[in-house]
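Everything on this sheet refers to the single structure shown next.
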Amino acid sequence: MEKKVYVTQPSLPELTEYLPYLQEIWQSRWLTNNGRFHEQFEQELAEYLGVKHVSLFANGTLALVTALQVLRITGEVITTPYSFVATTHALKWNGITPVFVDIEPRYCNLNAELIEAAITPKTTAILPVHVYGNPVDVYKIQEVADIYNLRVIYDAAHAFGVRINGQSVCNFGDLSVLSFHATKTFTTMEGGAIICHDEKTKRRIDFLKNFGFANETTVVTHGINAKMNEMQAALGIIQLKHIDTIHEKRKAIADLYRNQLKEVEGIHLLPPYPHLKYNYPYFPIYVDEKKYGISRDKLYEKLKEHNIYGRRYFYPLISHFPPYRGLPSANAQYLPVAENKTRQVICLPIYPDLPLQKVMEISSLIREFKTSAIGMPKSKSIADQHS
Ligand SMILES: Cc1ncc(COP(=O)(O)O)c(C=O)c1O
């Protein structure tokens, strides 16, 4: 039987590259708590990203939960229903009420034009997500935040290394949060970070992620244990050496999908984002059932029959899940774009080791399912037609 192709597969360096680091960790017996690799990784990561300060975390969710603590966010926070559920869970863990605002149809990011109407006297912050690594409208969001004196925390879990007009996307807002989970373009197995812009905030973040300890005998705040360990940090140092190649390989795959699928009626692709250094984390397609001939779920199942395991990111919407669906802002009538996109999306497999031939095959299947749905003869791939 043919091997299953999943939506992603982590990019790892050769084991031989990692072993000397492990040997050093074993010899030093320094496993966590600001070890040598932790310090080195924080510095090298800040340099690579082009940001002032990085605080490493055990994972992105703890980084999000802590980021809200750092700025003492309370009351209501405006956010998107079209994301991974951790975005909203971080609010819940802080006793904050999420207020969902609809997304825009172009990149499926929080619609910055709709934020103002959702602000109440209890609103303290905005928590947007750079969905699929495409930046949300950071300029408009800052404008609204400045007028209403709101803090902005970006969930940048998908946006590792992304730059707009040469500027790191993590330099916008008060804080940005990254995830280095195994599914992300840059991974330390589990891991994450908060990006901040000044030394004082970095100190507070570092207290908060280490039980609130300021020194051996002083606890200054009710911190948590969210520290990254030395094995994660060492892997991060190595991954940084490969990340540009990883993104280049992902680009080749994304470009090929785009080329192969751009003319399939009823399959909608996100447009390339202007002036962006991009990381190609996902390749979402949106299925318009009327034009394509079969539904998104049918296509999803048919691909699985051929061992292609795409994922419906993000379906269901966060606002559909039991902890949130009772919220007034979760009402579907206020979220028409998100409700539509969540019914149409499939993220296709994309990872550096995915052979380009597989991308051709997946694209051919998507074209063939359409032609069989409308009873037309099977099409050849675009590449075949040109040869
Ligand atoms: C948008 C978004 N936010 C937050 C997270 C949580 O990150 P982690 O898995 O590192 O806890 C993820 C992914 O895992 C995510 O995709």
Side-chain angles (χ1 to χ4, degrees), residues 6-8 59-61 64 77-92 98-112 114 126-137 153-160 162 177-179 181-185 192 254 257 267-271 273 278-289 295-301 303-304 308-325 327 329-351:
Y6 293 105
V7 70
T8 192
N59 61 59
T61 304
L64 274 173
V77 168
I78 291 170
T79 190
T80 171
Y82 190 83
S83 178
F84 183 62
V85 73
T87 310
T88 315
H89 281 352
L91 297 170
K92 267 280 190 192
V99 175
F100 296 113
V101 161
D102 204 6
I103 58 174
E104 40 79 18
R106 201 166 161 79
Y107 296 107
C108 298
N109 277 321
L110 182 68
N111 188 337
L114 303 179
I126 310 169
L127 177 59
V129 181
H130 302 300
V131 178
Y132 310 131
N134 287 311
V136 62
D137 187 347
I153 299 174
Y154 286 109
D155 180 339
H158 300 176
F160 187 93
V162 170
V177 172
L178 294 167
S179 162
H181 183 253
T183 53
K184 303 297 185 273
T185 64
Y257 270 134
I267 298 291
H268 175 72
L269 313 177
L270 298 187
Y273 202 104
Y278 191 40
N279 61 348
Y280 306 89
Y282 300 90
F283 197 87
I285 61 169
Y286 294 85
V287 184
D288 180 334
E289 184 177 345
S295 69
R296 182 275 309 268
D297 288 338
K298 200 75 182 277
L299 173 58
Y300 172 72
E301 293 301 333
L303 287 170
K304 279 210 295 201
I308 308 301
Y309 286 71
R311 289 293 297 267
R312 289 166 293 184
Y313 298 139
F314 291 102
Y315 166 82
L317 293 178
I318 303 176
S319 49
H320 291 175
F321 291 125
Y324 306 110
R325 65 182 174 216
L327 291 169
S329 66
N331 192 321
Q333 73 180 5
Y334 303 127
L335 307 168
V337 181
E339 294 285 349
N340 187 36
K341 296 292 182 187
T342 193
R343 280 194 296 267
Q344 295 192 338
V345 71
I346 306 179
C347 287
L348 299 179
I350 182 166
Y351 50 89

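Basis for what follows: all heavy atoms, side chains included, without hydrogens, waters or symmetry-related copies.
At most 12 non-hydrogen atoms from other residues, nucleotides or ligands lie less than 6.0 angstrom from OH of Tyr334. Residue Lys304 places its NZ atom among more than 12 non-hydrogen atoms of other residues, nucleotides or ligands, all under 6.0 Å distant.
A 4.5 Å side-chain heavy-atom check between Asp137 and Asn111 finds every atom pair outside the cut-off. Residues Tyr154 and Val129 fail the side-chain proximity criterion, which asks for heavy atoms closer than 4.5 Å. Residues Lys298 and Val287 fail the side-chain proximity criterion, which asks for heavy atoms closer than 4.5 Å. Residues Glu339 and Leu317 have side chains in contact (heavy-atom distance under 4.5 Å, counting atoms from C-beta outward). At a threshold of 4.5 Å between non-hydrogen side-chain atoms, the residues Cys347 and Phe283 do not count as touching. The side-chain heavy atoms of Arg296 and Glu289, taken from C-beta on, include no pair separated by under 4.5 Å. Contact check for Ile285 versus Leu269: side-chain heavy atoms found under the 4.5 Å cut-off. For the pair Tyr257 and Pro349, the minimum side-chain heavy-atom distance is below 4.5 Å.
Residues Leu270 and Tyr286 approach most closely at CD2-CE1, 3.7 Å, considering heavy atoms. Smallest separation of non-hydrogen atoms from Tyr132 and Pro281: O-CG, 3.3 Å. Heavy-atom minimum distance, Leu127 versus Thr79: O-OG1, 2.8 Å. Between Lys184 and Ser179, the closest heavy-atom pair is CG-O, 3.5 Å. The shortest non-hydrogen separation linking Phe321 to Val85 is CD1-CG2, 3.8 Å. For Thr61 against Ala86, the heavy-atom pair with the smallest separation is OG1-CB, 3.6 Å.
Atom CG of Asp155 is separated from atom CG of Leu178 by 9.0 Å, given to the nearest 0.5 angstrom. Between the CG atom of Leu110 and the CD1 atom of Ile126 there is a distance of 7.5 Å, given to the nearest 0.5 Å. Once rounded to the nearest 0.5 Å, the distance linking CG of Leu348 with CD1 of Ile308 reads 9.5 Å. For the atom pair CZ (Phe100) and CD1 (Ile318), the distance works out to 6.0 Å, reported to the nearest 0.5 Å. Summarising the geometry, atom CG belonging to Asp288 is positioned 5.5 Å from atom CD belonging to Gln344; distances are rounded to the nearest 0.5 Å.
No donor-acceptor pair closer than 3.5 Å links the side chain of Asn279 to the backbone N or O of Val162. Of the possible donor and acceptor atoms, one in the side chain of Asp102 sits under 3.5 Å from a partner among the backbone N and O of Ala338. The closest donor-acceptor contact from the side chain of Arg311 to the backbone of Thr8 lies at 3.5 Å or more, if one exists at all. A distance-only check finds a donor-acceptor pair linking the side chain of Thr87 to the backbone of Phe84 [under 3.5 Å]. Distance alone, capped at 3.5 Å, places no donor-acceptor pair between the Arg325 side chain and the Ser319 backbone. Side chain of Asn109 to main chain of Val131: a donor-acceptor pair is present (N/O by atom type, distance under 3.5 Å, no hydrogens or angles).
Taking the six-membered ring for Trp, Tyr282 and Tyr313 have ring centres closer than 6.0 Å. Two rings, from Tyr324 and His89, have their centers less than 6.0 Å apart. Annotation: Tyr107 is in aromatic contact with Tyr273 [ring centroid separation under 6.0 Å].
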*Under the side chain to side chain contact (heavy atoms under 4.5 Å, CB included) rule, what do Thr88 and Ser83 come out as? Steps first, then yes or no, please.*
CA-CA 9 Å; Thr88 315; Ser83 178; over 6 Å; no
*Run the side chain to side chain contact (heavy atoms under 4.5 Å, CB included) check on Leu299 and Ile267 step by step: do they pass?*
CA-CA 11 Å; Leu299 173 58; Ile267 298 291; 4.3 Å; yes
*Criterion side chain to side chain contact (heavy atoms under 4.5 Å, CB included) on Val345 and Phe314, from CA distance to verdict*: CA-CA 7 Å; Val345 71; Phe314 291 102; 5.9 Å; no
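Judged by the 6.0 Å and 45° rule, Arg343 forms no cation-pi pair with Tyr315. Under the 6.0 Å distance and 45° angle rule, Lys341 does not count as a cation-pi partner of Tyr82.
For the side chain to side chain contact (heavy atoms under 4.5 Å, CB included) with Pro98, the qualifying choice from Thr80, Val77, Leu327 is Leu327, the only one to do so.
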